[in-house]
Amino acid sequence: MSDTPRVRFAPSPTGYLHVGGARTALFNWLYARHRGGKFILRVEDTDEARNTEAAKEAIFDGMKWLGLDWDEGPGAGGDFGPYFQSQRKAIYDDYFAKLEAAGRVYFEDNGAARFKFSRQPILVPDMVCGDVHFAATEEPDMTIRRPDGSYIFHFVNVVDDIEMKITHVIRGEDHLSNTWKHIDLFHAFGKHAPRYAHIPLILNPTGSKMSKRDEGSAIASYQEAGFLPDAVFNYLCMLGWTPKAGEKLDRATLIAAFEPSDIHSANARFDMTKCTWFNAQYLRELSPEALFATALPFLEAKGLQISDHAMAAKAVYSVKEKVSLLGEVPSWVHYFFTDDYSYEPDVMTKLKAKPENATLLSELKADLGNLAAWDEHTIHTGIEATAARLAVKAGALMPLLRFALSGQSRGPGVATIIDLLGKDRTVARIERTLGLL
RNA sequence: GACCCCUUCGUCUAGCGGUUAGGACACAUCCCUUUCACGGAUGCGACACGGGUUCGAGUCCCGUAGGGGUCGCCA
């Protein structure tokens, strides 16, 4: 047997890339990278009625987003193309003729062709499930070609796996029950079946199969919500596989550790909360520059006017540990980018609750306006000095400043906000707030 | 209905005959703290059930129940 495995992901472009498919692709990719083999993308578009161009693009986009690059397939070339099944009819005709010659095909009255099962017990050796035995079947022979001459999944799948020299088939466990049919076909062609690894299904939180309705089922939705590809990649790995090295692991480590026989055979439920936790972890590892670059599209999507990128980058970085998703960033920093910020109802109530708040803010405005230097330390010291002069605790002044400058009850450190705002805007914002009290 | 896979805290899981059944997420409490977070500490919390095998079973076997899947001229 060849030392370099050839594995494939064979999606059907009838919908968006869903999380189950993505993880199947991911495990195949990991295996190819782990063993130094080839990862092939083959588009199973034999069902003309259900294929769409948009679905095809969505699958490619999703895989690229996750970093699952393919060595052979659409856009990547390869010696075993074409990689669209819709373009391989001549090959299928050829194989069909072989089957016919072997006396394993017969036709229905309407022209549909069926493959005559061997009716022998068939063993499916599986790297995940172990040896799975299927007794000689009583199922009707399976249809492999439609009356219009187009071929059915089971047939083209096997033919292409032969033609593309696939050595390992890693796919969802929903295929396990049909695998004996594929092996029967391989044998009919006089070929050995590839090695199989049927991976567990991803279930929704309720425990049934993930469907379009379920949160997190579409890979594109992660991109939209502000997940980082590495985080989703990492989380998806942990659904059905537990490397000894731990949970949060980078790609190189995952590749090095991947072993199909370590994959569990029990289905796993999807947990968006934990997926989000992974994302928060990855977010915190981003450099200020990288964080800003990835967050910028989300800020712009919310209509924030970002003119000063240096300041914006610092603002985003200041809330790094407060967010789990990039989509949450705008709500934490929007007030940095408009002087027409609004006040949370709660905030205004608190500001108006005590008459002396206005006095305190006036004093702060004056003192801050007189600061000689402008950095977090100086600002912090300045506020403490004001507190001392007014015989109040600095801790009493901080919330007032936060409320006045941001209109928010939560956010980065007050000195950080002031530093980023600059002296002029700080003074102006306190004035603006005083005018509303 | 037949066949296939599966069954440890709420969730993801460690465990591969002898463990106080461990970790992560979530949750709760405390610490840190100008807020919110982060971080740290502690707590809560599981071997589906019934039979075997064994000196000893979460670990092996059988059964039951439950969950998932497949039986398409979908993939």
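Every chain is numbered from 1 and lettered A, B, ... according to where its sequence line falls, protein lines coming before strand lines. Only this structure's heavy atoms are used, side chains among them; waters, hydrogens and symmetry mates stay out.
Rounded to the nearest Å, the gap between the P atom of B/C47 and that of B/U42 is 24 Å. If you take atom P in B/G51 and the same atom in B/U11, they sit 26 Å apart, rounded to whole Å. Across the P atoms, B/G23 and B/G43 are found 10 Å apart, a figure rounded to whole Å. For the P atoms, the distance from B/A14 to B/C73 is 39 Å, rounded to whole Å. Taking atom C1' on both nucleotides, B/G69 is separated from B/A57 by 30 Å, rounded to a whole Å. Spacing of C1' atoms, B/C3 relative to B/C9, comes out at 33 Å, to the nearest Å.
With a 3.5 Å ceiling on both atom-pair distances, the Watson-Crick or G-U wobble partner of B/U7 is B/A65. Across all strands shown, the partner of B/G1 is B/C71, judged by Watson-Crick or G-U wobble contacts whose two distances both fall under 3.5 Å. In this structure, B/U54 forms no base pair with any nucleotide, since neither Watson-Crick nor G-U wobble geometry is met with both distances under 3.5 Å.
Residue pairs that meet the side chain to side chain donor-acceptor pair (under 3.5 Å) test with at least one member in residues 403-414 of chain A, sequence neighbours left out, are A/Glu344-A/Ser409.
Crowding of A/Lys314 atom NZ: a count of heavy atoms from other residues, nucleotides or ligands under 6.0 Å not exceeding 12.
Rounded to an integer number of Å, the gap from CG of A/Asn178 to P of B/C5 is 14 Å. Distance, A/Asn204 CG to B/G68 P: 10 Å, rounded to whole Å. For the pair A/Asp174 CG and B/C3 C1', the computed distance is 16 Å after rounding to whole Å. A straight line from CD of A/Glu173 to C1' of B/G67 spans 12 Å, rounded to a whole angstrom. Rounded to a whole Å, the CG atom of A/Asp262 is 14 Å from the C1' atom of B/G15. Distance CZ (A/Arg269) to C1' (B/C12): 11 Å, rounded to an integer number of Å. A/Asp126 has its CG atom 16 Å from the P atom of B/U70, to the nearest Å. One interatomic measurement links the two molecules: CZ of A/Phe84 to P of B/A75, which rounds to 16 Å at whole-angstrom precision.
Cation-pi check for A/Lys248 over A/Tyr282 is met; the charged atom lies under 6.0 angstrom from the ring centroid and within 45 degrees of its normal. The side-chain tip of A/Arg146 does not point at the ring of A/Tyr151 from less than 6.0 angstrom away and within 45° of straight on.
Judged by distance alone with a 3.5 Å cut-off, no donor-acceptor contact links the side chain of A/Asp148 to the base of B/C73.
Both A/Tyr235 and A/Thr273 sit near RNA chain B, but only A/Tyr235 has its closest nucleotide nearer the 5' end. Residues A/Trp241 and A/Lys274 both approach RNA chain B. Their nearest nucleotides, taken by heavy-atom distance, put A/Trp241 toward the 5′ side.
Note on A/Asn157: nothing from the nucleic acid sits closer than 4.0 angstrom, heavy atoms only. Residue contacts shown for A/Phe134 are limited to sugar-phosphate atoms, with no base heavy atom under 4.0 Å away. Looking at heavy-atom distances under 4.0 Å, A/Glu139 makes contact with sugar-phosphate atoms alone, never a base. Contacts of A/Lys244 with the nucleic acid, taken as non-hydrogen atoms under 4.0 Å apart, involve only primed sugar atoms and P, OP1 or OP2. Contacts of A/Lys209 with the nucleic acid, taken as non-hydrogen atoms under 4.0 Å apart, involve only primed sugar atoms and P, OP1 or OP2.
When each of B/C73, B/C12, B/C4 is scored by its nearest atom to the side-chain atoms of A/Ala268, the top-ranked nucleotide is B/C12. Ranking B/U13, B/C73, B/A75 by closeness to the A/His175 side chain, first place goes to B/A75. With B/U13, B/C73, B/C12 as the choices, the nucleotide that has an atom nearest any side-chain atom of A/Arg114 turns out to be B/C73. Between B/U70, B/A14, B/A75, one nucleotide has an atom nearer to the side chain of A/Ser177 than all others, and that is B/U70. Side-chain proximity of A/Leu176 to the nucleotides B/G68, B/C73, B/C5 is greatest for B/C5. When distances are taken from the side chain of A/Glu44 to each of B/A75, B/C25, B/C4, the shortest belongs to B/A75.
Distances shown here put every side-chain N or O of A/Asn267 at or beyond 4.0 Å from the OP1 or OP2 atom of B/C5. One finds a side-chain N or O of A/Thr46 lying less than 4.0 angstrom from the OP1 or OP2 phosphate oxygen of B/A75. For A/His264, a side-chain nitrogen or oxygen approaches OP1 or OP2 of B/U13 to under 4.0 Å. Side-chain nitrogen and oxygen atoms of A/Lys181 include none within less than 4.0 Å of the OP1 or OP2 phosphate oxygen of B/C4. Between A/Ser265 and B/C5 there is no side-chain N or O to OP1 or OP2 distance below 4.0 Å. Phosphate proximity of B/C74 to A/Arg146: present, with a side-chain N or O under 4.0 Å from OP1 or OP2.
Residues A/Trp180 and A/Phe117 are in side-chain contact: their nearest non-hydrogen atoms beyond the backbone lie under 4.5 Å apart.
Taking A/Met398 as the reference, A/His380, A/Ile383, A/Val414 meet the side chain to side chain contact (heavy atoms under 4.5 Å, CB included) condition, with sequence neighbours excluded.
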Its contact letters, B for base, S for sugar-phosphate only and - for none at protein heavy atoms under 4.0 Å, make nucleotides 29-42 of chain B read -----BBBSS----
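Screening A/Arg8, A/Arg6, A/Arg88 for a salt bridge (Lys or Arg N to Asp or Glu O under 4.0 Å) involving A/Asp160 leaves a single residue, A/Arg88.
Classification of A/Lys320 and A/Glu285 as a salt-bridged pair fails, no side-chain N sitting under 4.0 Å from a carboxylate O. Between A/Asp141 and A/Arg119 a salt bridge is recorded (basic side-chain N to carboxylate O distance below 4.0 Å).
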Could you go step by step and tell me if A/Phe403 and A/Met348 meet the side chain to side chain contact (heavy atoms under 4.5 Å, CB included) rule? CA-CA 8 Å; A/Phe403 296 164; A/Met348 200 38 91; over 6 Å; no
